[in-house]
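Below is one structure, written out as structure tokens, with a few remarks after it.
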Amino acid sequence: MTSARRQRRKPGTRKTLVLGLAAVLASTGVVAMSGTAHAADTLGAAAAEKGRYFGAAVAANHLGDSQYVQTLNREFNSVTAENEMKWDALEPSQNNFNFGNADRIFNHARQQGMAVRGHTLVWHSQLPGWVNNLGSADQVRSAMRNHINQVMGHYKGQIHSWDVVNEAFEDGNSGARRNSVFQQRLGNGYIEEAFRMAREADPNAKLCYNDYNTDNWSHAKTQAVYNMVKDFKSRGVPIDCVGFQAHFNSGNPVPNNYHTTLQNFADLGVDVQLTELDIAGSGSSQAEQFGGVTQACLAVSRCTGITVWGIPDHYSWRSNDTPLLFDRNYNKKQAYTAVLNALNAG
Ligand code: 9MR
């Protein structure tokens with residue numbers, strides 16, 4: 001069994017343990033006294049009971065914070081490196097790879113039996129200058145191929161899903177591709193080229209397209225990504241999943257049609273995942289939104305997991321918005337309870 005398979009089994013294994021415990025309790029009559037015997041008490045265990053993972057973005061420089069590590073190990077069963085697997089971190093100069101911080105996170109996750117999501121291979125941001133300076137299509141193509149081969153090769157068989165291409169579409173109403181060096185040198189075809197290269201580099205990884213502001217079904221960007229995935233599926237371009245980053249705030253609220261969006265993508269024959277969930281706010285209104293988003297994922301059978309973009313509020317990329325599930329003292333917020341209850345319900 002490959003280690004990746006072992007990782008993917010973890011949720012099932014936990015489920016078996018939980019169900020086994022439930023059977024013991026039932027045979028001793030304990031269940032009759034306790035209506036909550038099935039309720040898991042961590043996010044990871046509760047998600048596993050629903051056949052899903054619950055992950056967090058992790059930063060290598062916080063792994064020395066014991067409360068951070070304790071919370072990570074207790075609550076989560078999947079990990080995404082917040083910055084450490086991006087192009088600028090891994091290949092700061094051409095063909096010189098540095099996996100130090102990425103491996104630190106990866107090894108921690110593996111030692112804890114957690115799954116790992118790969119983020120991200122081809123993205124216009126956090127891209128080292130040397131890539132932007134490549135002048136010809138052939139140079140960009142071979143740099144992209146080498147990066148994908150080296151990075152996916154390094155973790156081959158051990159990463160359950162990779163964000164192959166990130167944020168390739170413009171915001172607003174145009175539905176256009178973002179004007180990155182990849183788009184400029186290789187044209188529209190670069191996205192599909194990247195997915196084909198990725199499939200060759202690690203045939204066991206699920207290959208995802210990941211983006212933000214693709215939550216509202218009626219938005220042009222959502223439709224543009226949908227049409228791309230539909231086209232890929234119809235032509236056999238290898239794509240397995242779509243990541244919805246899910247960074248919500250008052251200007252970008254959780255839309256009423258969120259379930260429709262997730263279901264419509266899933267109906268194309270791809271998994272969907274909430275990959276960077278955080279919601280600005282506090283108290284019960286934040287909690288309600290977190291609960292609603294969790295329910296929206298659970299209502300779509302191909303929504304295979306949720307990742308929150310950090311653990312305590314003060315380490316968030318937008319800490320002023322207090323957008324996470326734990327406060328700065330690692331207390332569980334109302335939002336935490338709403339997510340846990342949503343996972344345990346139904
Ligand atoms: O959380 C990340 C932050 O630490 C970095 O400074 C930032 C730089 O671009 O990237 C953040 O993560 C982003 C993710 O990789 C892609 N989607 C948007 C996330 C928030 O900006």
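From a predicted model like this one, the values you see are computed outputs, not experimental measurements. For ligands, and for the atoms within them, numbers begin at 1 and follow the listed sequence.
- Judged as a side-chain contact (heavy atoms from CB on, under 4.5 Å), and not counting sequence neighbours, the contacts of Asn101 are Ala60, Glu84, Arg104.
- Contact residues for ligand 1 (protein heavy atom closer than 4.0 angstrom to any ligand atom): Glu82, Asn83, Lys86, His119, Trp123, Ser125, Gln126, Asn166, Glu167, Gln245, His247, Glu276, Trp309, Trp317.
- Here His154 and Phe97 keep their ring centres 6.0 angstrom or further from each other.
- Pairs passing the disulfide bond (SG atoms under 2.5 Å apart) check and including a residue from residues 118-176, sequence neighbours excluded, do not occur.
- Residue pairs meeting the side-chain hydrogen bond (donor to acceptor under 3.5 Å, both in side chains) criterion with at least one partner in residues 55-69, sequence neighbours excluded, are Asp65-Tyr315, Asp65-Tyr330.
- Taking the six-membered ring for Trp and the full ring otherwise, Tyr258 and Phe248 have centroids separated by under 6.0 Å.
- Taking the six-membered ring where tryptophan is involved, the planes of Phe106 and Tyr155 are tilted, since the angle between them lies from 30° to 60°.
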